[in-house]
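Structure record follows, encoded as structure tokens.
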There are 2 protein chains.
Amino acid sequence: MPTVSSEELAAAAGVNSAKLRKDFSYLGSYGTRGVGYDVEYLVYQISRELGLTQDWPVVIVGIGNLGAALAGYGGFASRGFRVAGLIDADRAMTGKQVAGLTVRHTDELEPLIKESGVSIGVIATPAGAAQAVCNRLVEAGVTSILNFAPTVLNVPEGVDVRKVDLSIELQILAFHEQRKAGEEAELREAEAADAVQGGKPAADAAARPTAAKKRTGQGPDGDVPAVMPA
Amino acid sequence: MPTVSSEELAAAAGVNSAKLRKDFSYLGSYGTRGVGYDVEYLVYQISRELGLTQDWPVVIVGIGNLGAALAGYGGFASRGFRVAGLIDADRAMTGKQVAGLTVRHTDELEPLIKESGVSIGVIATPAGAAQAVCNRLVEAGVTSILNFAPTVLNVPEGVDVRKVDLSIELQILAFHEQRKAGEEAELREAEAADAVQGGKPAADAAARPTAAKKRTGQGPDGDVPAVMPA
DNA sequence: CCATCTTTGTGCACGCGTTCACAAAGGCAT
DNA sequence: ATGCCTTTGTGAACGCGTGCACAAAGATGG
Ligand SMILES: NC(=O)c1ccc[n+]([C@@H]2O[C@H](COP(=O)([O-])OP(=O)(O)OC[C@H]3O[C@@H](n4cnc5c(N)ncnc54)[C@H](O)[C@@H]3O)[C@@H](O)[C@H]2O)c1
Ligand SMILES: NC(=O)c1ccc[n+]([C@@H]2O[C@H](COP(=O)([O-])OP(=O)(O)OC[C@H]3O[C@@H](n4cnc5c(N)ncnc54)[C@H](O)[C@@H]3O)[C@@H](O)[C@H]2O)c1
């Protein structure tokens, strides 16, 4: 398959083809009208733009359950990331082999960063230690941080932080789950109310009516979730 | 601290106070003008709205490095999530204790979900197995899925999927990192160009001029990242 | 060489989330 | 009781991303 059209790519990615073309247009005009995009060339251009053609050394701090899993994760290497070092404060951990790498003590954090030219740090320590670790990383020259600890990190301007909070991910799912349950209950209510005509409940459920529209005064304080955007 | 103002909360969270008030208003009018919000009451209302007052049983499928870390993570229980069961396809894993729970074989997936009333599933299997696992989860009644495998899952309508892709998180950081480097380089160029007057480089850097504005024709194909929104 | 057909690149409009700004509400001191 | 001061709740405006629709471009066949 030497070329692809924006339509095909959009269908595969589940997005609008116009959006996809507009996004590509920011990278330049790499397509050929009437034909589509040259796959190989496009992959290269996107890779280059995303920085995948570079080698990014990364340091992981906090080699506990999560840190160890991350250290051994093969999916990083394939995207151009290389684990340059593993750091832990626990002396018992120091020197141990994790995923083929030797765990080094926190004391060696700064020299490691400077020697390896690390600019991306991953924090997988307990929440209490995260800010202190963050400060040391930034001080040593790290300008991008991926934070797994459930804390908001304060960093100087010019430093990027991305936070991955798995509890919040689950909470978001639970929130929608609760809403789904509430909608269903309300639907059943409505069904029972006008049970005169034999409606098509399945079709109604699929049509997703804007249920729970207004706070229905049924509980003392409204046990049904309020309506908010998205 | 019995009450807080929207201004205080907004500062702590790093958002606009008007946005925060408008968000709260979707839950109802729980504030008192001239005073602020009653902390205890607000916490309860938000918890209830988010579904934190409920108990959410969760099943984790794929007890490898990541799955085991998740199983042992204490941060879930504190938000109302309870690991109802651990599932793995590897017979060697079956029966083993992980984080105080016994790993059960994939055969027991359906009965586990039905017995425990699980509606949220976590997929931590290799990418190749993810879709099959997803299908079985959905078939058994799970309507929310947290997916760690680097694959796009196809699910029927009414099922929510959230995907956590750690490689993409790193890629986003690397992308900004690359852009920062490009901006700096361009800044140094500009500095060298009008080095006639002794400017204040530090202040300039802080002001973050919209550098890299247009594709500067310096490389054969532009080695500087293009400009795109956000 | 011209006509036709496909697909790109993009101007424009729409919709939604965010922010501004202010009237209304309530506490509190006099 | 009255007036002042603080803070909420929200209408209106703004900005930005998304999607529509189409002209321009280029390939392809006659
Ligand atoms: N395990 C999970 O699945 C999971 C999920 C979501 C979030 N998290 C978060 O990730 C972080 C780590 O989780 P975990 O389960 O791996 O915890 P863990 O206790 O297993 O590991 C923490 C590690 O950090 C090390 N450490 C402590 N202080 C340090 C410091 N100042 N410098 C360097 N290393 C230090 C400890 O020695 C330990 O090895 C926690 O903040 C946790 O909330 C974990
Ligand atoms: N380890 C990480 O830090 C990390 C980071 C990002 C993403 N991921 C992704 O998470 C997934 C798991 O990663 P891992 O490092 O834990 O891998 P792993 O190989 O250590 O664990 C995978 C586990 O899944 C089990 N499994 C395989 N097929 C199964 C099936 N059909 N049903 C049930 N269980 C099955 C295996 O027996 C194994 O125990 C992968 O998709 C990986 O790409 C992992």
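Chain letters run A, B, ... following the sequence lines, proteins first, then strands; residues in each count from 1.
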Selection residues 119-134 of chain B - residue pairs positive for side chain to side chain donor-acceptor pair (under 3.5 Å), sequence neighbours left out: B:Gln131-B:Asn135

Sequence-distant partners of A:Ile46, side chain to side chain contact (heavy atoms under 4.5 Å, CB included), two or more places apart: A:Phe24, A:Leu27, A:Leu42, A:Leu50

Backbone N/O of A:Leu52 and side chain of B:Gln171: donor-acceptor pair under 3.5 Å: no

C:dT19 base / B:Lys22 side chain donor-acceptor hit below 3.5 Å: yes

From A:Leu66 atom CG to A:Leu166 atom CG, the distance as rounded to the nearest 0.5 Å: 7.0 Å

5' precedence on DNA chain D between A:Arg21 and B:Ser25 (nearest-nucleotide basis): B:Ser25

B:Trp56 (side chain) donor-acceptor with A:Leu173 (main chain) under 3.5 angstrom: no

Results of ring pair (Phe, Tyr, Trp, His ring centres under 6.0 Å) for B:Phe148 - residues two or more places apart only: none

Atom pair distance, as rounded to whole Å: CG in A:Asp23 and P in D:dT18: 7 Å

Produce the list of close N/O pairs, under 3.5 Å, pairing protein atoms with atoms of nucleotides 27-30 of chain D; give distances to one decimal.
none

Close residues, residues 11-20 of chain A, relative to DNA chain D [heavy-atom separation under 4.0 Å]: A:Asn16, A:Ala18, A:Lys19

Sugar-phosphate only, base, or nothing, as touched by B:Tyr37 at under 4.0 Å among non-hydrogen atoms: sugar-phosphate

Donor-acceptor under 3.5 Å (A:Glu8 side chain, A:Ser5 main chain): yes

Test item: B:Gln54 side-chain N/O and B:Gly80 main-chain N/O as donor-acceptor pair under 3.5 Å: no

Side chains of B:Ser167 and A:Arg79, donor plus acceptor under 3.5 Å: no

Nucleic acid contacts - residues 2-9 of chain B versus DNA chain D, non-hydrogen atoms under 4.0 Å: B:Ser5, B:Ser6

Presence of salt bridge, B:Arg136 and B:Glu139, under 4.0 angstrom: no

